[in-house]
Amino acid sequence: QRSFSGNEGESSLTLQPISFPYLLEDVTCELIYKAGQLELRSASAKHGNSHLQTEGSIRQVDGGWIAQLKWLPTTRLKVDSDLISSLPRRLRETLQQADFQGPVGVLGWTQVGPITSSLTVDQIPATWDLELDLEDTKLRDGSWIQGIRGTVRVAGYSTQSGPMADGFVLLDAMTIKGVPVTNIRGPFAIREGEVLLGRRVGETTSLKTSASVTPNDISADVFGGQTL
């Protein structure tokens with residue numbers, strides 16, 4: 001077993017992971033290596049206004065490596081062109097189509113791999129179980145929906161045809177074409193790039209994740225009254 005650590009005040013480390021080509025600066029962490037496994041402790045990095053903090057492990061499996069990361073409470077990503085262009089193609093296309101932008105806090109975990117030399121970035125499998133804290137996000141450059149605040153739970157995995165995920169929203173507020181909407185609640189499902197909302201979630205088979213819920217209507221309050 002060998003231990004390596006980096007501290008503030010030492011030379012700054014910059015890296016760009018092959019499976020997530022997002023330039024990370026001011027990287028600090030403690031690394032503990034055992035045969036076939038690299039353990040990460042108190043890892044942190046920055047990219048512009050984004051800050052990532054995680055812990056986890058990278059372990060060797062037959063033919064490759066698997067990385068499992070737990071995202072810590074101070075992780076905050078700014079969803080912009082830099083981040084979106086670093087994502088796998090199908091997920092990238094989904095976010096580009098929605099034109100989703102803004103700061104997002106991240107909790108939960110992500111597993112990536114097996115990572116092998118024969119796979120391209122878009123072919124590397126990924127699984128996730130996340131709680132996303134939307135802080136003032138928008139869609140369609142804000143011309144359609146803006147001021148989105150609240151929580152999104154989502155869990156799923158990647159496929160060659162696009163992401164598969166179940167989840168639900170617990171949003172405090174948003175503005176839709178100038179109309180304030182509050183207390184938005186309800187389920188959603190993503191099936192290879194198609195987004196199903198509310199009772200339409202029942203049209204597909206549940207993935208039975210921690211974020212899968214019973215299909216029901218999306219509810220919200222508009223002008224003090226509830227609408228479905």
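Just the heavy atoms: all of them, side chains too, but no hydrogens, waters or symmetry mates, feed the values below.
Linking Ile, Leu, Val, Met, Phe, Trp and Tyr whenever their side-chain heavy atoms come within less than 4.5 Å puts Val106 and Val27 in one cluster. Grouping the Ile, Leu, Val, Met, Phe, Trp and Tyr side chains by contacts below 4.5 angstrom, directly or via other members, places Met164 apart from Ile124. No continuous path of ILVMFWY side-chain contacts below 4.5 Å connects Ile66 to Leu40, so the two sit in separate hydrophobic clusters. Residues Val195 and Leu207 are members of separate hydrophobic clusters, defined by side-chain heavy-atom contacts under 4.5 angstrom among Ile, Leu, Val, Met, Phe, Trp and Tyr. Hydrophobic clustering (side-chain heavy atoms under 4.5 Å, transitive across Ile, Leu, Val, Met, Phe, Trp, Tyr) keeps Phe168 apart from Leu196.
For the pair Val104 and Thr137, the minimum side-chain heavy-atom distance is below 4.5 Å. Two residues are said to be in side-chain contact when any heavy atoms from C-beta on lie closer than 4.5 Å; Leu171 and Arg149 fail this criterion. A 4.5 Å side-chain heavy-atom check between Val179 and Val222 finds at least one atom pair inside the cut-off. In this structure, the side chains of Asp136 and Ile148 stay at 4.5 Å or more apart for every pair of heavy atoms. Side-chain contact between Asp99 and Leu139: absent, with no pair of heavy atoms (C-beta onward) separated by less than 4.5 Å. A 4.5 Å side-chain heavy-atom check between Tyr157 and Pro163 finds every atom pair outside the cut-off. A heavy-atom distance below 4.5 Å is found between the side chains of Trp144 and Lys177. Counting heavy atoms from C-beta outward, Thr151 and Glu131 have side chains that approach closer than 4.5 Å.
Put simply, CG on Leu23 and NZ on Lys46 are 14.0 Å apart, with the number rounded to the nearest 0.5 Å. Thr110 OG1 to Lys70 NZ: the interatomic distance, rounded to the nearest 0.5 Å, is 13.0 Å. The line from CG of Asn183 to CG of Asp172 is 8.0 Å long, rounded to the nearest 0.5 Å. For the atom pair CD of Glu55 and SG of Cys29, the computed distance is 12.0 Å after rounding to the nearest 0.5 Å. Between the CZ atom of Arg92 and the CG atom of Leu87 there is a distance of 7.5 Å, given to the nearest 0.5 Å. Rounded to the nearest 0.5 Å, atoms CD (Glu30) and CD1 (Ile32) are 4.5 Å apart.
Distance alone, capped at 3.5 Å, places no donor-acceptor pair between the Arg199 side chain and the Ile218 backbone. Here the side chain of Thr75 pairs a donor or acceptor atom with the backbone of Gln53 at under 3.5 angstrom. Put simply, the side chain of Arg41 never gets that close to the backbone of Gly56: no donor and acceptor are under 3.5 Å apart. Side-chain N or O atoms of Asp80 include one that pairs as donor or acceptor with a backbone N or O of Leu83 at under 3.5 Å. Proximity of a side-chain donor or acceptor of His47 to a complementary backbone N or O of Leu24 within less than 3.5 Å is not detected. Looking only at distances, a side-chain donor or acceptor of Ser158 sits under 3.5 Å from a matching main-chain atom of Ala126. Side-chain N or O atoms of Ser85 include one that pairs as donor or acceptor with a backbone N or O of Asp82 at under 3.5 Å.
If you run side chain to side chain contact (heavy atoms under 4.5 Å, CB included) between Trp71 and each of Leu77, Leu107, Leu52, only Leu52 comes through.
Thr205 and Arg191 get closest at one heavy-atom pair: O-NH2, 3.0 Å. When every heavy atom of Asp217 is checked against every heavy atom of Pro187, the shortest pair comes out as O-CD, 4.4 Å. A pairwise comparison of heavy atoms in Pro21 and Ser86 identifies O-OG, 2.9 Å as the closest pair. For Pro114 against Pro125, the heavy-atom pair with the smallest separation is O-CD, 3.7 Å. Among all heavy-atom pairs drawn from Gly150 and Asp133, the shortest one is O-OD1, 3.4 Å. Minimum heavy-atom separation, Pro103 to Arg76: CB-NH2, 3.3 Å.
Thr209 and Asp166 share no side-chain donor-acceptor pair at under 3.5 Å. Of the N and O atoms on the side chains of Glu25 and Thr14, not one donor lies less than 3.5 Å from an acceptor on the other residue. Between the side chains of Tyr22 and Ser50, a donor-acceptor pair is found at a separation under 3.5 Å. Residues Ser118 and Thr116 bring a donor and an acceptor atom of their side chains to less than 3.5 Å of each other. In this model, no donor atom of one side chain and acceptor atom of the other lie less than 3.5 Å apart for Arg185 and Ser219.
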*Carefully, step by step, assess Arg153 and Asp129 under the rule salt bridge (Lys or Arg N to Asp or Glu O under 4.0 Å).*
CA-CA 8 Å; Arg153 279 281 287 113; Asp129 191 326; 2.9 Å; yes
*Can Leu13 and Thr28 be said to form a side chain to side chain contact (heavy atoms under 4.5 Å, CB included), step by step?*
CA-CA 7 Å; Leu13 175 65; Thr28 63; over 6 Å; no
*Could you check Thr74 against His51 for side chain to side chain contact (heavy atoms under 4.5 Å, CB included), going step by step and ending with a plain yes or no?*
CA-CA 7 Å; Thr74 55; His51 179 260; 3.8 Å; yes
*Determine, stepwise, if the pair Arg59 / Gln68 fulfils side chain to side chain contact (heavy atoms under 4.5 Å, CB included).*
CA-CA 9 Å; Arg59 69 182 189 276; Gln68 185 157 12; 4.2 Å; yes
*Give the intermediate values and the outcome of side chain to side chain contact (heavy atoms under 4.5 Å, CB included) for residues Leu31 and Leu38.*
CA-CA 7 Å; Leu31 303 177; Leu38 185 64; 4.1 Å; yes
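The ring pair (Phe, Tyr, Trp, His ring centres under 6.0 Å) test applied to Phe100 returns no partner, not counting sequence neighbours.
Remark: Arg200 engages Glu203 in a salt bridge, criterion side-chain N to carboxylate O under 4.0 Å.
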